[in-house]
Structure formats: structure tokens, C-alpha cells
Visitor: 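I'd like to ask some things about the structure below.
Sequence lines set the chain letters: A, B, ... in the order given, protein chains first and strands last, and positions in each chain run from 1.
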Amino acid sequence: MPDLATPLIAWYRESARDLPWRDPNFGAWGILVSEFMLQQTPVARVIPRLEAWLERWPSPAALAEASPGAAVEQWANLGYPRRALWLHKAAVQITEQHGGVVPRDVDALLALSGIGDYTARAVAVFAYGDRHPVVDTNTRRVLARALDAQSQPDPPSTRDLTAMAAILPESEERAAIVNAAAMELGAVVCTARSANCEACPIAHICAWRDAGYPDTGDRRRRQATYAGSDRQARGAVLQHLRSAPDHESALEAVAATWPDSLQRDRAIDSLIADGLAEASEGMLRLPR
DNA sequence: GACCCGTGGTA
DNA sequence: TTACCAAGGGT
């Protein structure tokens with residue numbers, strides 16, 4: 001096993017981006033919110049929304065006092081609005097079950113709404129400095145290339161945690177940096193579209209590079225077309241409710257947000273089923 | 001494991 | 001222009 005940790009740490013200290021949540025004083029709550037927002041949403045779109053969110057709700061207790069609909073409204077156009085609902089629920093859980101303090105224990109974090117393998121360990125490591133493997137899609141790609149000579153990673157698996165744990169240094173502080181560095185490398189140098197090996201600190205020990213960049217294929221599913229999809233219909237209805245006075249609107253007005261009535265009704269029903277909207281007396285509104 | 005869930009930037 | 005891509009998680 002080549003030593004990836006040493007060059008990754010040196011490179012990270014030299015060239016990591018200066019992101020808000022990397023400020024040592026950012027706090028566990030801010031980091032937790034940032035991780036929710038960063039789930040499938042690019043960094044550049046998260047930064048302004050994160051600042052606004054934390055200004056409005058500077059603690060889990062503050063968010064817990066708000067309505068779920070307020071969270072959905074504040075989420076704005078970050079996408080996957082269920083995350084706003086999950087984050088609100090997590091804030092309630094933290095307030096009621098953890099005295100308003102973001103938990104440090106991975107299992108306690110995993111028990112919170114909207115938190116899975118990645119987010120739980122990201123909070124434990126980046127907010128509290130504990131030693132765990134943190135694996136996101138960037139890390140999986142970096143390890144797949146550097147260690148397995150694959151152009152793209154296999155689908156997510158618990159094996160990923162084992163693989164990442166194997167390259168972590170003993171030191172908690174250095175382990176945290178290696179976690180962050182693997183993600184950073186995948187985000188800015190060894191990306192899905194291209195591998196900028198001239199800028200890569202581990203190019204000299206990269207199995208994929210050594211093998212001549214073979215296309216080993218990947219089993220990722222093609223992303224469904226968004227235009228005209230149910231997802232777009234849901235987004236149109238929800239965007240309408242976000243901007244409506246008191247976040248509620250008559251069903252006739254909602255109807256104007258999407259031309260296909262069958263698809264529109266399906267969107268409304270699924271939004272209600274997901275808790276993203278409520279219907280009563282001919283009105284549709286964000287949940288109160 | 002398969003499938004679902006938003007939105008906007010980019011090549 | 002179309003398709004890919006983005007710090008995942010729940011069911």
C-alpha cells in the first residue's frame with residue numbers, strides 16, 4: 001500500500017480552497033447545515049444560502065421553533081427540498097434528544113433524519129476532529145483510480161469505508177486532513193470529466209495513471225431527463241408556493257404552474273405525501 | 001440493489 | 001443543444 005496520506009496532507013495545506021465551513025470557528029451546527037446543503041448541490045450555490053440560513057437560524061433550537069414550511073421556503077432553489085424537511089426534523093431531534101447540541105457520536109448522528117454514512121462521519125470528523133473514514137463520491141473516485149486502476153468507482157458500498165480507513169494516519173488531526181484532502185482532490189483535480197495529473201500530488205503512485213488510463217467502464221445509471229419530468233412539475237408547484245403570500249395559494253392558481261393536469265395532480269399528491277405541502281379548503285400551502 | 005428525489009452550470 | 005455533473009439519503 002503506497003503512502004497516500006503524506007502527499008495528500010502537504011498538498012491540502014498548500015492549495016485547499018478557503019471555504020466557509022473550513023473556518024475552525026464555524027461550529028458543529030454550521031457544519032451540519034453545510035453538509036445537508038452539499039448533498040448533491042455544488043459548492044458555489046451552497047455558500048450564499050448557507051450564510052442566509054445560519055443568520056436566520058443560528059442554532060438547532062432556533063430552527064426547531066420554526067415551521068417545516070419555513071425551512072422549505074428558506075431552502076429556496078437548492079434542489080431536493082426534502083432535505084430541508086429532513087434538516088428541520090434533525091434540528092427538532094437535536095433539540096429534544098441532545099439538549100440542543102449537535103451529537104458527536106457517529107451512531108447518534110446516523111439516527112438523525114437525513115443523515116447517512118457520509119454526513120454522520122463528516123460531522124464527527126470536521127466538526128469534532130474525531131478519527132473516522134469519510135467517503136463521498138469524490139473520495140470513491142480518487143481511491144478507485146489511485147488504488148484500483150479504475151476510471152470510475154464502483155457503486156457506493158460499505159467496503160468504501162474500509163478502503164478509506166486503511167489509508168488514514170493514526171493522528172486524529174492528520175486523519176481529518178486526509179479525509180478532506182481526498183474529497184478536495186476529487187473535487188478540483190481528479191474530477192469525473194478529467195484527471196489533471198500535472199496538478200495531482202499522488203500522480204506518482206496512481207495505479208490508473210500507471211496502467212495508461214484504461215477506460216474500465218462504469219455502472220452508473222444514466223440520469224433521467226429533467227425537462228418535462230415529474231420532478232420538474234413538483235419543482236414548479238413548490239416554487240409557486242415559496243413565492244406566494246403566506247406561502248399558500250388557491251388550487252386554481254396552482255394549476256397555472258404546470259400545463260399537464262394529470263402530471264400536475266400527481267405532483268401535488270406526491271408533495272403532500274412527502275410532507276412538502278398541505279391541502280385544505282381548496283388551498284395548497286407549505287406545511288405549518 | 002434499484003429507484004426516486006431538484007436545479008443550474010458547463011463542455 | 002443535449003447530456004453530464006454536483007460533499008447523498010430514504011424507501
Side-chain angles (χ1 to χ4, degrees), chain A residues 12 16-17 19-22 26 30-50 72 75-87 89-90 109-127 132-143 152-161 164 176 179-188 190-194 218-242 257-258 266-267 269-271 273-277:
Chain A
Y12 185 85
R17 292 168 295 175
L19 300 173
W21 44 90
R22 289 179 176 164
F26 202 67
I31 288 176
L32 179 67
V33 175
S34 77
E35 295 297 351
F36 266 86
M37 291 184 169
L38 288 164
Q39 290 168 5
Q40 300 286 280
T41 300
V43 165
R45 287 175 54 201
V46 163
I47 290 175
R49 296 275 103 220
L50 174 63
V72 173
W75 194 258
N77 62 342
L78 287 175
Y80 292 136
R82 289 190 293 189
R83 289 183 291 160
L85 238 35
W86 292 336
L87 177 54
K89 186 172 178 182
L109 286 160
L110 283 170
L112 298 176
S113 160
I115 293 192
D117 282 329
Y118 165 75
T119 305
R121 289 171 179 78
V123 170
V125 170
F126 302 135
H132 303 283
V134 180
V135 178
D136 75 337
T137 186
N138 290 309
T139 296
R140 290 193 300 109
R141 182 174 55 254
V142 166
L143 294 183
Q152 299 291 341
D154 294 329
S157 152
T158 53
R159 292 190 306 272
D160 304 329
L161 293 175
M164 189 60 194
N179 278 313
M183 293 167 59
E184 181 78 356
L185 189 65
V188 304
C190 193
T191 66
R193 288 185 195 273
S194 69
D218 71 80
R219 288 178 279 288
R220 289 174 300 177
R221 241 167 37 100
R222 228 179 109 253
Q223 194 163 321
T225 302
Y226 183 61
S229 67
D230 282 9
R231 295 160 88 165
Q232 190 181 29
R234 281 167 55 105
V237 171
L238 208 55
Q239 185 172 43
H240 173 72
L241 292 183
R242 270 195 226 100
T257 61
W258 195 260
R266 198 158 61 230
D269 288 345
S270 71
L271 286 170
D274 287 347
L276 284 163

Visitor: Testing the 3.5 Å rule here: is there a donor-acceptor pair between the side chains of A/Tyr118 and A/Gln39?
Guide: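 Short answer, no.
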Visitor: Which part of the nucleic acid does A/Ser34 contact within heavy-atom distance under 4.0 Å: base, sugar-phosphate only, or nothing?
Guide: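 Here A/Ser34 touches no strand at all.
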Visitor: As a test of reading the structure: which of C/dA6, C/dA7, B/dC5 is closest to the side chain of A/Asp230, going by heavy atoms?
Guide: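 Side chain of A/Asp230 sits closest to B/dC5.
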Visitor: Would you indicate what A/Arg266 reaches in the nucleic acid, counting non-hydrogen atoms under 4.0 angstrom: base, sugar-phosphate, or nothing?
Guide: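 No contact.
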Visitor: Let me know the distance between CG of A/Leu185 and P of C/dA7, rounded to the nearest Å.
Guide: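 Taking CG of A/Leu185 and P of C/dA7, I get 12 Å after rounding.
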Visitor: When the distance from CH2 of A/Trp258 to C1' of B/dG6 is rounded to whole Å, what number comes out?
Guide: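 After rounding, the reported distance stands at 12 Å.
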Visitor: Measure CD/A/Gln232 against P/C/dT2 and give the value in whole Å, please.
Guide: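 Rounded to whole Å, this separation is 13 Å.
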Visitor: When all nucleic acid strands are considered with a 4.0 Å heavy-atom cut-off, which category describes A/Asp274: base, sugar-phosphate, or nothing?
Guide: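 Since no nucleic acid heavy atom lies under 4.0 Å of A/Asp274, the category is nothing.
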Visitor: Does C/dG9 have its OP1 or OP2 closer than 4.0 Å to a side-chain nitrogen or oxygen of A/Tyr80?
Guide: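 No.
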Visitor: Using a distance-only test with no angle check, is there a side-chain donor-acceptor pair under 3.5 angstrom linking A/Arg49 and A/Thr41?
Guide: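 A/Arg49 vs A/Thr41: no donor-acceptor pair found between side chains.
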Visitor: By nearest heavy atom, map A/Pro42 and A/Arg221 onto DNA chain B; which one lands nearer the 5' end?
Guide: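 The residue closer to the strand's 5' end, by nearest nucleotide, is A/Arg221.
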Visitor: Would you say a side-chain N or O of A/Arg242 is under 4.0 Å from OP1 or OP2 of B/dT7?
Guide: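 So the side chain of A/Arg242 is within the cut-off, an N or O lying under 4.0 Å from OP1 or OP2 of B/dT7.
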Visitor: What is the nucleic acid contact for A/Thr137, judged by heavy atoms within less than 4.0 Å: base, sugar-phosphate only, or nothing?
Guide: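 A/Thr137: backbone/sugar contact only, no base atoms under 4.0 Å.
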Visitor: Tell me what A/Ile115 touches on the nucleic acid: a base, only sugar-phosphate, or nothing, going by heavy atoms under 4.0 Å.
Guide: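 The residue A/Ile115 makes sugar-phosphate contact but no base contact.
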Visitor: Scan A/Phe36 against the nucleic acid and name what it touches under 4.0 Å (heavy atoms): base, sugar-phosphate only, or nothing.
Guide: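 A/Phe36: no heavy atom of the nucleic acid under 4.0 Å.
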Visitor: Go through it in stages, so that I can follow the logic: the residues are A/Arg140 and A/Val135, the test is side-chain contact (heavy atoms from CB on, under 4.5 Å), and I'd like the CA-CA distance, side-chain angles, deciding distance and then a yes or no.
Guide: CA-CA 7 Å; A/Arg140 290 193 300 109; A/Val135 178; 3.3 Å; yes
Visitor: Using atom types as modelled and distance alone, determine if a side-chain donor or acceptor of A/Asp269 lies under 3.5 Å from a backbone N or O of A/Arg266.
Guide: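 Not a single qualifying donor-acceptor pair exists.
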Visitor: Which part of the nucleic acid, if any, lies within contact of A/Ala192, taking any heavy atom under 4.0 Å across all strands shown: a base, the sugar-phosphate backbone alone, or nothing?
Guide: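 Here A/Ala192 touches the backbone only, sparing every base.
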Visitor: What interatomic distance, in whole Å, is found between P of C/dG9 and the corresponding atom of B/dG8?
Guide: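 So the two P atoms sit 23 Å from each other.
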Visitor: Describe the nucleic acid contact of A/Gly79 in one word from base, sugar-phosphate, nothing, applying a heavy-atom distance below 4.0 Å.
Guide: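 Contact class for A/Gly79: base.
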Visitor: What's the closest nucleotide to the A/Gln223 side chain, out of C/dA7, C/dG9, B/dT7?
Guide: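 Nearest listed nucleotide: B/dT7.
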Visitor: Please round to the nearest 0.5 Å and tell me the distance separating atom CD of A/Gln239 and atom OG1 of A/Thr257.
Guide: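 A/Gln239 CD to A/Thr257 OG1: 9.5 Å, rounded to 0.5 Å.
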Visitor: Hey, is the side chain of A/Gln40 poking within less than 4.0 Å of OP1 or OP2 on C/dG8, counting only N and O atoms?
Guide: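 Checking C/dG8 against A/Gln40, a side-chain N or O does come within under 4.0 Å of OP1 or OP2.
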Visitor: Roughly, in whole Å, what's the span from CD in A/Gln39 to P in C/dA7?
Guide: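 These atoms are roughly 12 Å apart.
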Visitor: Could you tell me whether the side chains of A/Asp136 and A/Thr139 share a donor-acceptor contact shorter than 3.5 Å?
Guide: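 Result is yes, a qualifying pair exists.
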Visitor: Nearest whole angstrom, please: distance from the C1' of C/dG8 to the CH2 of A/Trp86.
Guide: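 Rounded to the whole Å, the gap is 8 Å.
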Visitor: When you compare C/dA7 with B/dC3, how far apart are their P atoms, in angstrom units rounded to a whole number?
Guide: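 Their P atoms lie roughly 24 Å apart.
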Visitor: For B/dC5, does OP1 or OP2 lie under 4.0 Å from any side-chain N or O of A/Arg83?
Guide: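 No, A/Arg83 has no side-chain N/O under 4.0 Å of OP1/OP2 on B/dC5.
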Visitor: For A/Arg193 and A/Ala120, find the nucleotide of DNA chain C closest to each by heavy atoms; which residue's nucleotide sits nearer the 5' end?
Guide: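 Comparing both residues, the 5'-ward one is A/Arg193.
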Visitor: Donor-acceptor pair under 3.5 Å: do we get one between A/Thr41's side chain and the base of B/dG8?
Guide: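 In this structure, the two groups form no donor-acceptor pair.
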Visitor: Can you tell me how far P of B/dA2 sits from CZ of A/Arg222, to the nearest Å?
Guide: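 Between P of B/dA2 and CZ of A/Arg222: 17 Å.
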Visitor: Assign A/Trp75 to base, sugar-phosphate, or nothing according to its heavy-atom contacts below 4.0 angstrom with the strands shown.
Guide: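 Nothing, no nucleic acid heavy atom in range.
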Visitor: Could you please name the option among B/dG6, C/dA7, C/dG8 that lies closest to any side-chain atom of A/Leu19?
Guide: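 Closest nucleotide among those given: C/dA7.
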Visitor: Can a salt bridge be assigned to the pair A/Asp230 and A/Arg234 using a cut-off of 4.0 Å between side-chain N and carboxylate O?
Guide: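 Result for this pair is no, no salt bridge flagged.
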Visitor: Would you classify A/Arg141 as touching base, sugar-phosphate or nothing, given that sugar-phosphate means primed atoms plus P, OP1 and OP2, and contacts are heavy atoms under 4.0 Å?
Guide: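 Sugar-phosphate, backbone atoms only, no base.
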Visitor: Separation of A/Leu276 atom CG from B/dC5 atom P, in whole Å?
Guide: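 It works out to 12 Å between those atoms.
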Visitor: Has A/Asn77 got a side-chain N or O lying under 4.0 Å from the OP1 or OP2 atom of B/dG8?
Guide: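 The answer is yes; a side-chain N or O of A/Asn77 sits under 4.0 Å from OP1 or OP2.
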Visitor: Mind calculating the distance between CZ (A/Arg231) and C1' (C/dC5) to the nearest angstrom?
Guide: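 Atom-to-atom, A/Arg231 to C/dC5, this comes out as 13 Å.
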Visitor: Counting any heavy atom closer than 4.0 Å, what does A/Arg45 reach on the DNA or RNA strands: base, sugar-phosphate only, or nothing?
Guide: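 If one applies the 4.0 Å heavy-atom cut-off, A/Arg45 turns out to touch a base.
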